[in-house]
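One structure is given below, encoded as structure tokens.
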Amino acid sequence: QVQLVESGGGLVQAGGSLRLSCAASGRTFSSYVMGWFRQAPGKEREFVAAMSWSGSSTDYADSVKGRFTISRDKAKNTVYLQMNSLKPEDTAVYYCAAAKFGLTWYPAGNYDYWGQGTQVTVSS
């Protein structure tokens, strides 16, 4: 049974930092892309960042480029999202997801597995 478990969310002031973690289990993810999405109240779930499990490729939404960094620890089967210079508009529930490599990274519908989400709130 595949499980993606996020942690690390919380309340932070604008300009602060948080690191989200996503612990993956239940299968081998070597042929998968790991992504982070977020969903704010009243808005659609949107792509934030993704990387191939090998680490050779990464991509980011324009809104987070230069501020967020996705990475992974193969030994721990864990993916991270380091978020710096946080803004109030980054407030959302953040989800970790996994998709088969070869599909477009941006659509949420291309991801097979999802975590339960972790709340990030950035105060002004």
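Position 1 is the first residue of the sequence, and the numbers go up from there.
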Measuring only between side-chain heavy atoms, which start at C-beta, is [X] closer than 4.5 Å to [Y]?
X: Arg27; Y: Phe29; answer: yes
X: Ser52; Y: Phe101; answer: yes
X: Phe68; Y: Leu86; answer: yes
X: Leu20; Y: Thr118; answer: yes
X: Gln119; Y: Leu11; answer: no
X: Cys96; Y: Trp36; answer: yes
X: Asp90; Y: Met83; answer: no
X: Tyr111; Y: Val33; answer: yes

### Query
Hey, mind stepping through Lys65 and Asp62 against salt bridge (Lys or Arg N to Asp or Glu O under 4.0 Å) and telling me if it holds?
CA-CA 5 Å; Lys65 277 181 184 174; Asp62 288 342; 3.2 Å; yes

### Message
Going by salt bridge (Lys or Arg N to Asp or Glu O under 4.0 Å), name the pairs with one or both residues in residues 14-24, residues two or more places apart or in two chains.
### Response
none

[X] and [Y]: which non-hydrogen atoms are nearest, and at how many Å?
X: Ala97; Y: Leu4; result: CA-CD1, 3.7 Å
X: Arg72; Y: Lys74; result: NH2-CE, 3.5 Å
X: Ser124; Y: Ala14; result: CA-CB, 4.4 Å
X: Ala49; Y: Leu81; result: CB-CD1, 4.2 Å
X: Ala108; Y: Trp114; result: O-CZ2, 3.4 Å

### Message
I'd like to know whether Thr28 forms a side-chain hydrogen bond (donor to acceptor under 3.5 Å, both in side chains) with Ser30, so could you lay out the CA-CA distance, the side-chain angles of the two residues, the decisive distance to 0.1 Å, and finally the verdict.
### Response
CA-CA 6 Å; Thr28 301; Ser30 57; 5.6 Å; no

### Task
Rounded to the nearest 0.5 Å, what's the gap from OH on Tyr80 to CG on Asp73? Could you check?
5.0 Å

### Task
Just say parallel, tilted or perpendicular for the rings of Tyr32 and Tyr113, cut-offs at 30° and 60°.
tilted

Judged by atom type as modelled, is there a donor-acceptor pair below 3.5 Å linking the side chain of [X] to the main-chain atoms of [Y]?
X: Thr91; Y: Glu89; answer: no
X: Glu6; Y: Gln116; answer: yes
X: Asn77; Y: Ala24; answer: yes

#### Entry: Pairs satisfying side chain to side chain donor-acceptor pair (under 3.5 Å), at least one member in residues 94-107, at least two apart
Arg38-Tyr94, Asp59-Tyr106, Lys100-Asp112

Hydrophobic clustering (ILVMFWY, side-chain heavy atoms < 4.5 Å, transitive) - are [Y] and [X] grouped together?
X: Met51; Y: Phe47; result: no
X: Val64; Y: Val79; result: yes
X: Ile70; Y: Val93; result: no

### Query
Just by distance, with hydrogens left out, do Asn84 and Ser17 show a side-chain donor and acceptor under 3.5 Å apart?
yes

### Message
Show, in sequence, the C-alpha distance, side-chain angles and deciding distance for Trp53 and Ser31, and conclude whether the side chain to side chain contact (heavy atoms under 4.5 Å, CB included) test is met.
### Response
CA-CA 7 Å; Trp53 188 255; Ser31 61; over 6 Å; no

